[in-house]
Amino acid sequence: MARPPLDLVPAEVPAQSLTHNPLNGVTGGIWRTRRDGRPAVLKLITPPTGGTGPAHWAASADPGHWNYWRREVEAYRSGLASTAWSGAGLAAPDVLAVEERPDGTVALWLAEVDGRPGTAGSMADFAELARRLGSAHADWLDRTGTLSRHDWLARDWLRDYTLSRPVTEPVPWQHPVAAAAWPAPLRDGLRRLWDGRQAVLAATDQLPHTLCHHDVWPNNLIFTDAGPVLLDWSFVGPGPIGEDAANLVLDTFFDGLVDLALLPDVADAVLTGYVEGLRAAVDPALVARAVRITGAAKYFWLAPVMLNRAGGATGQTYDQRDEAAIFAGRRTVLELLANWSVQALD
C-alpha cells in the first residue's frame, strides 16, 4: 500500500512508506507522517484474512500464536511495552492513539522517535544495549508467572516460529550455489544443526526464562540521547535468556545492513554487555551458553530455506543483494551460528 487510507492521513499530508516485511499478514503498512501537527508513525494492523500472503507469515486469531494479529496493539494499550523494561533503561515509542476501524483493521499511532537508527550503532551502543537487555531480563526471571493475565503474549514464540519456517525435505546441501560459497565443513555443521533442531529447542527449555522481545535487531532499534528505544513489540512474550542477545548479534549481519567486518567485535561487545547485565542473577558461564544455544535455535532453519530457494527468487525484503552475494555474505555469520550449535548439540 503506497499511502495510508485517506480517512487516516488526508491526501495533503505527507506520508512516507517505511520498510517492513510485506509478507507478514499482520502488517498492512507503516508510514512516517504527521498527526495533530506533530511527527508520527502510523502502523496499520490487519486481522486474519483467510489466505492472503504465504502461510508461514499468516496472521492468527489465536492470542498465544507466535503471530497473533493484535499483540502489538495490546502491548502498547496495556502499557507493557513502555514499562516492562523501563527499569533497565529500555523504552518504547509513546502511543498517540489506537483507532479501531470499521473494516476490522487497527490504526496504531506512535510518536516518531528522534535518534540514530540501529544500523548506525557504535560498538559502545551495542555493548550498552546488551547490558540493559541483560538487566531487563534479570528483572523478569522470577516474574514470568505474573504475565498470565496477559493472554495475548506469545505462548512459546521461539519453538512455534522456528518450526513454522517453510523447509522442504530433502534439503539440497550440495546445491552448486551453496557449494561455491560455503565450504563442506560449514555445510556439514549446518546440516547437523538442522537434523538436531529438536534437541536444540529442548536445550532452550532448560534455560531460565524471562520476558523477551523476540525481534531485537537494528531495524527495530533507535539510539537516543536518553537511551535505546525498541520498536515492533508484536512478538513479545516469555522466552529463554540469551535469545534477544543472540538475535541482536546474528540478525545485525544476516541482511547485509551492517559491515560484516564488525561481526567479531559486535559479538564480543554484546556477549560481554549481556553477561554483565545478568551477572547478579545468573552465572556468567550459563549466560554465555544460553546466547549460543538460543542463537542456534533461532536460526536452525535459515540455511535449509536458503537452499530450498536457491536458483529462484530470494524472497528477501531487507537484503537487496543478488543470490550469490547473499550466500557469500552470510558465510561468516553462518560459521558463527554453526560454532554456536556445537555447544547446543553437545
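Values below: every heavy atom of this structure, side chains too, minus hydrogens, waters and symmetry copies. The residues of the chain are indexed from 1 along the displayed sequence.
Cluster partners of L231, by chain and number: V113, I222, V229. The rule joins Ile, Leu, Val, Met, Phe, Trp and Tyr whenever side-chain heavy atoms lie under 4.5 Å apart. Under a 4.5 Å side-chain heavy-atom cut-off, the cluster of Ile, Leu, Val, Met, Phe, Trp and Tyr residues that includes I30 is completed by L18, V41.
Counting heavy atoms from C-beta on, the side chains of L263 and T252 never come closer than 4.5 Å. Taking 4.5 Å as the limit, some side-chain heavy atom of L158 sits within range of a side-chain heavy atom of K298. The shortest distance between side-chain heavy atoms of N21 and T27 does not fall below 4.5 Å. A heavy-atom distance below 4.5 Å is not found between the side chains of L190 and L307. With a 4.5 Å cut-off on side-chain heavy atoms, R309 and E323 do not count as touching. Counting only heavy atoms from C-beta outward, the side chains of P304 and R165 never approach each other to under 4.5 Å. A heavy-atom distance below 4.5 Å is found between the side chains of Y76 and L108. The side-chain heavy atoms of L186 and R331, taken from C-beta on, include a pair separated by under 4.5 Å.
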Could you list the donor-acceptor pairs under 3.5 angstrom formed between side-chain atoms of residues 80-90 and any protein atom two or more places apart in sequence or on another chain?
unit_1 : atom_1 : unit_2 : atom_2 : d
S82    : OG     : G79    : O      : 3.1
T83    : OG1    : G79    : O      : 2.7
S86    : OG     : T83    : O      : 3.0

In residues 285-294, what donor-acceptor pairs under 3.5 Å come from side-chain atoms, sequence neighbours left out?
unit_1 : atom_1 : unit_2 : atom_2 : d
T294   : OG1    : G242   : O      : 3.2
T294   : OG1    : E243   : N      : 3.3
T294   : OG1    : A290   : O      : 2.7
T294   : OG1    : V291   : O      : 3.2

Enumerate, atom names and distances included, each donor-acceptor pair closer than 3.5 Å involving a side-chain atom of residues 145-153, sequence neighbours excluded.
unit_1 : atom_1 : unit_2 : atom_2 : d
T146   : OG1    : R143   : O      : 2.6
S148   : OG     : G145   : O      : 3.2
R149   : NH1    : T146   : O      : 2.6

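Between the OG1 atom in T105 and the CZ atom in R101 there is a gap of 4.0 Å [rounded to 0.5 Å]. Distance check, rounded to the nearest 0.5 Å: CG of D156 to OG1 of T204 gives 7.5 Å. Residue D114 holds its CG atom at 7.5 Å from CD of E112, rounded to the nearest 0.5 Å. Rounding to the nearest 0.5 Å places CG of L337 at 12.5 Å from OG1 of T332.
Among pairs with a residue in residues 266-275, those fulfilling side-chain hydrogen bond (donor to acceptor under 3.5 Å, both in side chains) read H137-Y274, at least two apart in sequence or across chains.
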* Candidate pair R191 and D195, rule salt bridge (Lys or Arg N to Asp or Glu O under 4.0 Å), full reasoning -> CA-CA 6 Å; R191 176 183 51 78; D195 291 342; 3.7 Å; yes
* To do: Walk me through it: do E74 and R71 pass the test salt bridge (Lys or Arg N to Asp or Glu O under 4.0 Å)?
  => CA-CA 5 Å; E74 301 302 338; R71 182 171 297 120; over 6 Å; no
* Step by step, work out the side chain to side chain contact (heavy atoms under 4.5 Å, CB included) result for N24 and N67. => CA-CA 9 Å; N24 194 327; N67 207 28; 3.0 Å; yes
* Test salt bridge (Lys or Arg N to Asp or Glu O under 4.0 Å) applied to R38 and D36, step by step -> CA-CA 6 Å; R38 64 177 293 182; D36 298 332; over 6 Å; no
* Would you please test E276 and R132 for salt bridge (Lys or Arg N to Asp or Glu O under 4.0 Å) and show each step? => CA-CA 9 Å; E276 184 59 32; R132 296 188 191 203; over 6 Å; no
* To do: List the steps and the verdict of side chain to side chain contact (heavy atoms under 4.5 Å, CB included) for L260 and V333.
  => CA-CA 8 Å; L260 189 60; V333 197; 3.7 Å; yes
* Report the C-alpha distance between L42 and R35 in whole Å, list the side-chain angles of each, state the deciding distance to 0.1 Å, and finish with yes or no for side chain to side chain contact (heavy atoms under 4.5 Å, CB included). => CA-CA 9 Å; L42 168 63; R35 179 184 173 89; over 6 Å; no
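Here the options are D125, D225, T224, the test is side chain to side chain donor-acceptor pair (under 3.5 Å), and the partner is R116; only D125 passes.
When all heavy atoms of V167 and W301 are compared, the closest pair comes out as CG2-O, 4.1 Å. Residues F223 and G121 come closest through the heavy atom pair CE1-CA, 3.6 Å. Here the closest non-hydrogen pair linking L141 and I241 is CD2-CG2, 3.8 Å. Counting all heavy atoms, side chain and backbone alike, A75 lies closest to S78 at O-OG, 3.3 Å. Between P48 and S60, the closest heavy-atom pair is CG-C, 3.6 Å. The two residues A58 and H65 have their closest heavy-atom pair at O-CE1, 4.5 Å.
Heavy-atom neighbours of D7 CG from other residues, nucleotides or ligands within 6.0 Å: above the threshold of 12.
Using a distance-only test at 3.5 Å, with no hydrogens or angles considered, no donor-acceptor pair links the side chain of R32 to the main chain of A15. Side chain of N247 to backbone of V216: a donor-acceptor contact under 3.5 angstrom is found. Side-chain N or O atoms of T46 include one that pairs as donor or acceptor with a backbone N or O of V26 at under 3.5 Å. In terms of modelled atom types and a separation under 3.5 Å, the side chain of T33 and the main chain of P14 share a donor-acceptor contact. The main-chain N or O of G239 is never found under 3.5 Å from a side-chain atom of W157 such that the two would form a donor-acceptor pair. Without hydrogens or angle criteria, H209 side chain to L207 main chain gives a donor-acceptor distance under 3.5 Å. A donor-acceptor contact shorter than 3.5 Å links the side chain of D244 to the backbone of H214. Judged by distance alone, with hydrogens and angles left aside, the side-chain atoms of R330 form a donor-acceptor pair with the main-chain N or O of F254 at under 3.5 Å. Between the N308 side chain and the T168 main chain, a donor and an acceptor come within less than 3.5 Å of each other.
Partners of D265 by side-chain contact (heavy atoms from CB on, under 4.5 Å), not counting sequence neighbours, listed by chain and number: M123. Every side-chain contact (heavy atoms from CB on, under 4.5 Å) that R197 has, sequence neighbours left out, goes to E169, W194, F300. For H175, the ring pair (Phe, Tyr, Trp, His ring centres under 6.0 Å) criterion is met by no residue, not counting sequence neighbours. Take D259 and apply the side-chain contact (heavy atoms from CB on, under 4.5 Å) test, not counting sequence neighbours, and it matches A261, L262. Applying the salt bridge (charged side-chain N to carboxylate O under 4.0 Å, His left out) test to D62 and every residue at least two apart in sequence or in another chain returns R155. For K43, the salt bridge (charged side-chain N to carboxylate O under 4.0 Å, His left out) test picks out E72, D232, with sequence neighbours left out.
Judged by the 6.0 Å and 45° rule, R34 forms no cation-pi pair with W109. Remark: R159 fails to qualify as a cation-pi partner of Y161 under the 6.0 Å distance and 45° angle criteria applied to the six-membered ring.
Residues W69 and W57 keep their aromatic ring centres 6.0 Å or farther apart.
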